[in-house]
Number of protein chains: 2
Amino acid sequence: MPKEIAPSPGPPRRRAGRPRSLVLDGDLIGRTALKLVNDGGYTKLTMSGLAKALGVSPSALYNHVGSKQEIMQLIQEIVMDNVDSSVFESFPLTEALLRWAETYRDVLAGHAPLIPLIAVLPVTGSPRTLDMYEKVATGFTKAGWHQADIVPAIVAVESFIFGSALDATAPLDIFNPGKKAGQLPNFEDALDAQRATGRNSADAAFHTGLRAIVAGLLGTPATS
Amino acid sequence: MPKEIAPSPGPPRRRAGRPRSLVLDGDLIGRTALKLVNDGGYTKLTMSGLAKALGVSPSALYNHVGSKQEIMQLIQEIVMDNVDSSVFESFPLTEALLRWAETYRDVLAGHAPLIPLIAVLPVTGSPRTLDMYEKVATGFTKAGWHQADIVPAIVAVESFIFGSALDATAPLDIFNPGKKAGQLPNFEDALDAQRATGRNSADAAFHTGLRAIVAGLLGTPATS
DNA sequence: ACCTGAACACCGTTCAAGT
DNA sequence: ACCTGAACACCGTTCAAGT
């Protein structure tokens, strides 16, 4: 559990003369970890690398954090804040879902190693993520949904987003049939036809799939 | 690249008197690795643990496999074989997609650590997986789909499956609001209403989401 | 309360040496 | 061709000792 600094009304009380060492706190650790990841990807995120970036010994980190997993959670909290859930306040449900999903997927695509974590992590300790869910749920409620159907609908769209974000990190030629070339007539024809459109196949899949699942959930034709 | 033993027409030629040591090959390594995983999960899958299970030293594995990642791929090939893609030969597209997705998701839910790998791994080296795609593509083709739309549709459904399989491994109380309880009226009402149905929320999300995306893609109402 | 430095218990992988 | 045993270059984490 990361320690937080409560905003204090006055200047912080300190014992006279004793200059406190530059503090390491959950916020700084999370931000530094994210910087490390943005620079060199998740392979760069090691406890010793993070400690060095903070000018501290690796074991010092364990005064503020229980495990490396907790550092992943700090990153997750910062990153999830970039998902735009305000759209549920300004757009009708269908349009809001489409826009929300788009930012959500883009955010996660840049942090693929977080996806298996986020999918499984209780949101209990992530107040901002809970705020997001409240906004999404409010969008469904205002659209007149039955309460019991709302959570499964959210989870369904989220699952699609998680999978699509993973897919977005796949190499472009992921479907290359290799030595099986020539033996898969229908699949290879479909591949060629898709390639001929010049569109990125992951992006095309995300957009048609998103429209499909939203339309399917809301009971309107996918093409509208 | 795992070495394969080509089926030989006659009995294998051996130098007389020299009994060959019991062979280690890609097939045996993969099956043993899977056994290890089925027993104790993916944390049990270490090179030294696998070597011990095979009665061999860890370094011996590198005569047959280039890296641990390649062992993950061996497991993936075996596991993917449990996905039932024969349904595309015996059911109309909608029904086949629903059945295929169900087995696919169940198979992956038992092997969550494979999901990020499979999502990104070129299928070039997985002939059985390519055969699956051919069957799926044939199902779309026979249903009269435009060739250029087939691959994005497959990828979209697959993304939903990947995300749902990840979600299936999440703890039941993943949405517990914790200290934010009481501050999220719409979301908490939705949670309570969903819980009151007595259904597993991940399963409900998968089934409604699957129907929605398939219906949305095929342009028919989700409730049909 | 918070930090350091050494140590621990692992990882995956490499490589010379054997047969 | 394939295996062993030792070694390497890391991991995350613990803990006594310092201030």
Side-chain angles (χ1 to χ4, degrees), chain A residues 1-6 8 12-30 32-33 36-37 40-75 113-114 116-117, chain B residues 1-6 8 12-30 32-33 36-37 40-75 113-114 116-117:
Chain A
M1 195 60 83
K3 289 164 194 167
E4 283 169 29
I5 295 180
S8 50
R13 284 235 156 261
R14 298 228 165 130
R15 249 175 261 277
R18 276 278 232 94
R20 226 34 181 314
S21 69
L22 261 310
V23 249
L24 215 57
D25 64 54
D27 228 59
L28 179 60
I29 292 176
T32 309
L36 227 58
V37 163
Y42 278 85
T43 46
K44 270 266 172 54
L45 184 66
T46 64
M47 295 305 273
S48 69
L50 177 57
K52 181 180 284 186
L54 286 161
V56 100
S57 87
S59 51
L61 295 171
Y62 289 90
N63 288 307
H64 304 92
V65 122
S67 66
K68 187 185 176 179
Q69 164 113 343
E70 244 171 58
I71 288 172
M72 298 284 277
Q73 294 180 31
L74 293 177
I75 296 178
L114 287 182
L117 181 80
Chain B
M1 191 61 82
K3 289 165 195 169
E4 284 171 28
I5 296 181
S8 50
R13 284 233 159 261
R14 297 228 166 132
R15 252 174 258 278
R18 278 276 234 97
R20 222 42 179 308
S21 70
L22 262 311
V23 249
L24 216 56
D25 65 56
D27 228 58
L28 180 60
I29 292 176
T32 310
L36 228 57
V37 164
Y42 278 85
T43 46
K44 271 266 172 57
L45 184 66
T46 63
M47 296 304 272
S48 70
L50 178 56
K52 181 181 285 186
L54 287 161
V56 100
S57 88
S59 52
L61 296 172
Y62 289 89
N63 287 307
H64 303 92
V65 123
S67 65
K68 187 185 177 180
Q69 164 113 343
E70 242 170 59
I71 288 172
M72 298 283 277
Q73 294 180 29
L74 294 176
I75 296 179
L114 287 182
L117 180 80

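Basis for what follows: all heavy atoms, side chains included, without hydrogens, waters or symmetry-related copies.
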> Within this structure, what is the CG-to-C1' distance between A/L54 and C/dT4, rounded to whole angstrom?
Replying inline: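 Interatomic distance, CG of A/L54 to C1' of C/dT4: 15 Å.
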>> Please report the distance, rounded to the nearest Å, between CD in B/E70 and P in C/dG12.
In response: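 Taking atom P of C/dG12 as the reference, CD of B/E70 is at 15 Å.
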> At under 4.0 Å, does any side-chain N or O of B/H64 touch on OP1 or OP2 of D/dC3?
Replying inline: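 So the side chain of B/H64 is within the cut-off, an N or O lying under 4.0 Å from OP1 or OP2 of D/dC3.
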> Over how many whole Å does the gap from B/Y62 atom OH to D/dA7 atom P extend?
Replying inline: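 Those two atoms, OH and P, are 19 Å apart.
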>> Can you identify which nucleotide, out of D/dC15, C/dT13, D/dC3, has its nearest atom closest to the B/V56 side chain?
In response: D/dC3
>> Nearest whole Å is fine: how far is C/dC10 P from B/K68 NZ?
In response: 15 Å
> At under 4.0 Å between heavy atoms, what does B/T46 touch on the DNA or RNA strands: base, sugar-phosphate, or nothing?
Replying inline: sugar-phosphate
> In whole angstrom, what separates A/L61's CG from C/dG5's C1'?
Replying inline: 14 Å
> Can you tell me how far C1' of C/dT14 sits from CE of B/M47, to the nearest Å?
Replying inline: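 Roughly 12 Å, once rounded to whole Å.
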> With respect to the side chain of A/S48, which nucleotide from D/dC11, D/dT13, C/dG5 is positioned closest?
Replying inline: D/dC11
>> Could you tell me how far apart A/I71 (CD1) and D/dT13 (C1') are, to the nearest whole angstrom?
In response: 12 Å
> For A/N63 and D/dT14, what is the distance between atoms CG and P respectively, to the nearest whole Å?
Replying inline: 12 Å
